[in-house]
Amino acid sequence: MNAASSIPAVAPAASTPAASTPEAPAVQRHAMPAWVYSHPDLMRLELERVLLPSWQIVCHVNSIAQPGDYQTFDMGPESVLVLRDRDGTIRGFHNVCRHRGARLLDAAGRCAGPITCPYHGWSYRHDGSLLGVTMRESFAELERGGLALKPVRIEVALGFVFVCLAGDPPPVAHTWAGIAEELAPYRLEDMVPLTPITTDVWNADWKIAMDNYLESYHVPVGHPGLYRMFTPDYEDQRSIPGIARGVSWLREQASSRWSERLYQGLIGRAARHLPERERRCWRFYSALPNLGIDVFPDQMDFFQLLPGGPGKCIVRGATFGLPGGTPELRAARFLSNRINQQVNNEDRWLCERVQRGLASSSYSPGPLSRLEGFMYEFHEMLRARIPELRLAQPPERFAAAHA
């Protein structure tokens, strides 16, 4: 099934949303067993059945604005590169030399000339075709046409370049079509990078981090600053197949903390490029299986949660905004970054505490609140793709593999 096809639709909220929450399920639901968040055999299955057959962000189109600009993306054993060729076309390839498999490019940069392997010097044009082979005479025969870089499926949507490495998921634009109208005022496609793409390693499984992003039940306790400034986004939720959305609205009462209070008072003036309603809210979008997009009046960010080995994940992301801007907008971005860094630190601390707690022999899956419904739908998607996750204990064949 589609990533979150069973997430129930909730009607869009009015300009001033009512304080309502999802209905309680008829049957009490429970969290997943502890072993699914730490077993070493699961990463391969998660990559094969969940992550590789999904759309993953590589970069924003304006991160590779000029011919030769490129960005790489690594997930598990796979590495891809996307670049803009000389005629402006964005292309994607496996980041692997066709000679003996060396990685070609790292991170981000610009290839003014051909893509050249750092190992033996094989070179490729920006369209992926093989250009040159060092010591060509030392080979008995070479079929250049069969030695081009292997392409990957790409799609440009929301201003971002997505890649898919397996399967045939629905197009990104199709999945996000039901959300496009509410995102239009922000002009995501016109934004430029405000930060480079970074990665950070958390001592928590990627599914714990995604669980955390999919529920706001923890916000009043776990994010006191965010709760001082905004209503919890479970009061204004909507979902379409594949995406869950929550909106938090600025409170009328000023926060007791200076940075939060300044942001509350400043953002209405700083974000005059937006309609008044959009200046009053922060929007949070979760696209299964592992993508988060946060849209603020002053800027936006994305993050991906990638497996980093048993009990670890890689958090990859960056921040973007419209070019230029007034001093007030720059000040709002400074305050927004300060606030969001604190929220990120709190999320990391909470997720790592969950990872440690799940290791206890005393743990058994606890009951889920109706406010954790989107998280439960994520679990259902995982169980549909990996039926082994329905078991209370890891299957015996997992243990046999390590005997």
Side-chain angles (χ1 to χ4, degrees), residues 37-38 40 42-43 46-47 50-52 54-60 63 70-82 95 103 105-109 160-163 191 193-216 218-219 222-223 225-226 259 282 284-296 299-321 333-359 375 378:
Y37 293 103
S38 59
L42 273 183
M43 181 172 169
E46 289 166 353
L47 286 167
V50 178
L51 295 168
L52 293 178
S54 68
W55 289 104
Q56 300 289 325
I57 286 179
V58 178
C59 63
H60 195 279
S63 298
Y70 70 86
Q71 174 72 52
T72 63
F73 168 65
D74 297 340
M75 183 167 63
E78 303 293 343
S79 181
V80 301
L81 68 91
V82 299
N95 187 23
R103 293 282 177 94
L105 300 174
D106 297 310
F160 289 91
V161 183
F162 291 78
V163 297
M191 291 186 175
L194 299 180
T195 66
I197 293 175
T198 61
T199 58
D200 194 13
V201 177
W202 289 14
N203 292 317
D205 185 82
W206 72 277
K207 300 184 296 299
I208 288 177
M210 194 65 186
D211 286 352
N212 177 77
Y213 191 67
L214 283 164
E215 58 90 355
S216 298
H218 72 282
V219 167
H223 299 305
L226 195 63
S259 59
W282 281 11
F284 307 98
Y285 299 87
S286 309
L288 299 185
N290 69 324
L291 174 64
I293 290 181
D294 305 322
V295 181
F296 314 120
Q299 59 191 17
M300 64 85 65
D301 64 56
F302 83 88
F303 63 89
Q304 290 154 297
L305 303 169
L306 305 168
K312 295 183 181 295
C313 71
I314 299 166
V315 182
R316 178 182 187 267
T319 303
F320 305 84
R333 286 173 176 168
F334 170 81
L335 294 168
S336 179
N337 289 335
R338 179 186 174 94
I339 294 161
N340 275 297
Q341 184 59 57
Q342 177 62 28
V343 173
N344 184 70
N345 290 342
E346 290 162 352
D347 278 330
R348 179 175 185 165
W349 184 77
L350 292 167
C351 289
E352 292 183 349
R353 289 180 74 86
V354 171
Q355 185 72 57
R356 293 197 301 271
L358 291 176
M375 185 185 88
F378 172 50

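- Every residue was checked against the salt bridge (charged side-chain N to carboxylate O under 4.0 Å, His left out) condition with Asp211, not counting sequence neighbours, and none meets it.
- Side-chain contact, Gln341 with Asn345: a donor N or O sits under 3.5 Å from an acceptor N or O.
- Met210 places a side-chain heavy atom less than 4.5 Å from the side chain of Leu288.
- Rounding to the nearest 0.5 Å gives a distance of 5.5 Å between CG of Asp347 and CH2 of Trp202.
- Not counting sequence neighbours, the partners of Ser336 by the side chain to side chain contact (heavy atoms under 4.5 Å, CB included) test are Tyr263, Trp282, Phe296, Asp298, Gln299, Asn340.
- In terms of the side chain to side chain contact (heavy atoms under 4.5 Å, CB included) criterion, residue partners of Ala318 (sequence neighbours excluded) are, by chain and number, Thr195, Ile197, Phe302, Phe320.
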Kindly indicate, with the supporting measurements, whether the criterion side chain to side chain contact (heavy atoms under 4.5 Å, CB included) is fulfilled by Val82 and Phe73. CA-CA 8 Å; Val82 299; Phe73 168 65; over 6 Å; no
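- We find the CG-CG distance between Leu42 and Leu47 to be 10.5 Å, quoted to the nearest 0.5 Å.
- Paired with Asn203 under the rule side-chain hydrogen bond (donor to acceptor under 3.5 Å, both in side chains), one option of Gln355, Arg353, Lys312 passes, and it is Lys312.
- Judged as a side chain to side chain contact (heavy atoms under 4.5 Å, CB included), and not counting sequence neighbours, the contacts of Glu346 are His223, Pro224, Gln342, Val343.
- Rounding to the nearest 0.5 Å gives a distance of 8.5 Å between CD of Glu352 and SG of Cys313.
- When the side-chain hydrogen bond (donor to acceptor under 3.5 Å, both in side chains) test is applied to Tyr70, no partner is found at least two apart in sequence or on another chain.
- Considering all non-hydrogen atoms of both residues, Ala209 and Cys351 come closest at CA-SG, 3.8 Å.
- Considering every non-hydrogen atom in both Leu52 and Glu78, the closest pair reads CD2-CG, 4.0 Å.
- Listed for the Thr72 side chain is a donor-acceptor partner under 3.5 Å among the backbone atoms of Ala107.
- A distance-only check finds no donor-acceptor pair linking the side chain of Asn95 to the backbone of Leu81 [under 3.5 Å].
- For Val50, the side chain to side chain contact (heavy atoms under 4.5 Å, CB included) partners at least two apart in sequence or on another chain are Trp206, Pro289, Met381, Leu382, Arg385, Ile386.
- Residues that satisfy the side-chain hydrogen bond (donor to acceptor under 3.5 Å, both in side chains) test with Ser54, not counting sequence neighbours, are Gln56.
- Two residues are said to be in side-chain contact when any heavy atoms from C-beta on lie closer than 4.5 Å; Leu358 and Ser38 fail this criterion.
- Listed by chain and number, the residues in a salt bridge (charged side-chain N to carboxylate O under 4.0 Å, His left out) with Glu215 amount to none (sequence neighbours excluded).
- Annotation: salt bridge (charged side-chain N to carboxylate O under 4.0 Å, His left out) contacts of Arg316 (sequence neighbours excluded): none.
- Here Asp200 pairs with Arg348 under the side-chain hydrogen bond (donor to acceptor under 3.5 Å, both in side chains) rule; sequence neighbours left out.
- For the atom pair CG (Asp294) and OH (Tyr285), the distance works out to 10.5 Å, reported to the nearest 0.5 Å.
- No side-chain heavy atom of Val315 sits under 4.5 Å from any side-chain heavy atom of Thr199.
- Put simply, CD1 on Ile208 and CE on Met375 are 10.5 Å apart, with the number rounded to the nearest 0.5 Å.
- Under the side-chain hydrogen bond (donor to acceptor under 3.5 Å, both in side chains) criterion, Asp74 pairs with Ser79, not counting sequence neighbours.
- With Gln304 contributing its side chain and Asn290 its backbone, the two residues share no donor-acceptor pair below 3.5 Å.
- Listed here is the closest heavy atom pair of Arg103 and Pro77: NH2-O, 3.2 Å.
- Considering all non-hydrogen atoms of both residues, Ser259 and Ile339 come closest at O-CD1, 4.1 Å.
- For the atom pair Thr319 OG1 and Met191 CE, the distance stands at 10.5 Å (nearest 0.5 Å).
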